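This report concerns only the one structure given below.
Sequence positions, counted from 1, serve as the residue numbers for this chain. Here the structure is a predicted model, which is why all the values come from computation and not from measurement.
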Amino acid sequence: MNIHEYQSKQILSQYGVVVPEGIPAFSVSEAVAAAERLGSDTVVVKAQIHAGGRGKAGGVKIAHSLREVAVHADELLGKTLVTKQTGPQGKVVHRLLIEAGASIKKEYYLSIVLDRSTGRAVMMGSEEGGMEIEKVAATMPEKILKEVIDPAVGLMPYQCSRMAYGLHLPKPAIRKAERFMQGLYAAFTDKDCTLVETNPFVVTTEDDVVALDAKMNFDDNALFRHPEIDMLRDPNEENKKEREAAKAGLNYVDLGGDVACMVNGAGLAMATVDIIKYFGGDPANFLDVGGDSTPEKIATAFRIMLEGNQARGIFVNIFGGINRCDFVARGIVEAARMVSNDGKSLPVPVVVRLEGTNVELGRQILRESDIENVILAESMESGAESIVRMVKESEAAA
């Protein structure tokens, strides 16, 4: 789960991390009122979306008067920002952060991220603040410093000192930076984060250490411990289908293509996406229905896949272990009743490959149903090849 910059800063400030004074705004009038409250000669108007690269996309504006604040706010609210992280479709700006300007001496990068390969948190820093860290890693890997954190003892003071000196921070800022790092780590662990990032954090002309930007990502599986974090969700920033799927207990990721797939098990789901690509198709989604696929759950999965007319075909690839193939078959029949007027047809072709528990009963249910557009496949390969061919034929006919 992601949250907005201003929300991240509100959380980090509770852990002693210094952030600029700022106020969120949802309208031009609120933006002007916020700037007036700040009383700063320089005000930064920042678009709030769940994506990096906002500055390069024109989402960060500098204002020196209330009039300029109003002009920038009016320009940004409702604008679609396109950055490397949003994809070509971009994201619409619904919120702003009105923030007091800072007197910057130098920009730096600092983050704490979960390294899944080692199961440990890693503190990463660089003197190249304000740049995309991926670009720094590709072009100047020597500029990235790392401190692996032992979970048994946490982030040690000597690691903070080594990072601060390694970044060549001014001596008056060293101790402040160490407290800054400890604050980031405390927030990271307390809130079950997968990432806490400040890019840039800056040393000001007064040698203060300030998080000029902030990003926090959270482990979805730990949100039950943090209702205060879950309340910060912004539905406008989340994929509608992914949100509906999560509520239904489904693991769904929108991939943007037109060949939808419904599978049980993450490994088989990834293999299914791969084999659709292998036969020249464009997967619409990753969908793992899990091991408790009741007919109602299967029908809900179909409804989500078919929303918005994105899918031109569906490949159901089930290997029943805990899952029962007859439940899946009944779910497909139920889905036809849900999404069609006559209860006997699905709007797109559906290729079904079933193996495992109660497979013959599942196949029998589908054969004896009077649902149109459902084709049984003998294997995963033949099923993938068939659905890709059907989708291409339907696109050519259109």
Mind checking what makes side chain to side chain donor-acceptor pair (under 3.5 Å) contact with [X], not counting sequence neighbours?
{"X": "S65", "answer": "none"}
{"X": "D150", "answer": "none"}
{"X": "K191", "answer": "E228"}
{"X": "D254", "answer": "N239, Q310"}

Same cluster for V263 and V391 if Ile/Leu/Val/Met/Phe/Trp/Tyr side chains link at under 4.5 Å?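 Cluster IDs for V263 and V391 match.
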State which residues pass side-chain contact (heavy atoms from CB on, under 4.5 Å) with [X]; sequence neighbours excluded, sorted by chain then number.
{"X": "I62", "value": "T42, V44, H64"}
{"X": "M270", "value": "F286"}
{"X": "D190", "value": "Y15"}

Salt bridge (Lys or Arg N to Asp or Glu O under 4.0 Å) involving [X] - partner list, sequence neighbours excluded:
{"X": "E107", "result": "none"}
{"X": "E381", "result": "none"}
{"X": "R54", "result": "E5, D213"}

Residue pair H50 / D234, side-chain donor-acceptor N/O under 3.5 Å: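 No - no donor-acceptor pair under 3.5 Å links their side chains.
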Does a side chain donor of either E128 or S126 reach within less than 3.5 Å of an acceptor in the other side chain?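 Judged by distance alone, the side chains do not pair up.
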Could you check whether the rings of F201 and Y108 sit parallel, tilted or perpendicular, using 30° and 60° as the cut-offs?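 The arrangement is parallel - the two ring planes meet at less than 30°.
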With F188, which residues qualify under ring pair (Phe, Tyr, Trp, His ring centres under 6.0 Å), at least two apart?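 Testing F188 for ring pair (Phe, Tyr, Trp, His ring centres under 6.0 Å), a comparison that skips the adjacent residues, returns none.
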Of all residues at least two apart in sequence or in a different chain, which pass the ring pair (Phe, Tyr, Trp, His ring centres under 6.0 Å) check with F302?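 Residues passing ring pair (Phe, Tyr, Trp, His ring centres under 6.0 Å) with F302: none at all.
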Has the side chain of S369 got a donor or acceptor atom that lies under 3.5 Å from a matching backbone atom of L366?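 It does hold such a pair.
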Ion pair present between R337 and E334, side-chain N to carboxylate O less than 4.0 angstrom?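 Yes, charged N to carboxylate O under 4.0 Å.
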Side-chain heavy-atom pair V203, P170 within 4.5 angstrom cut-off: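 Side-chain contact under 4.5 Å: yes.
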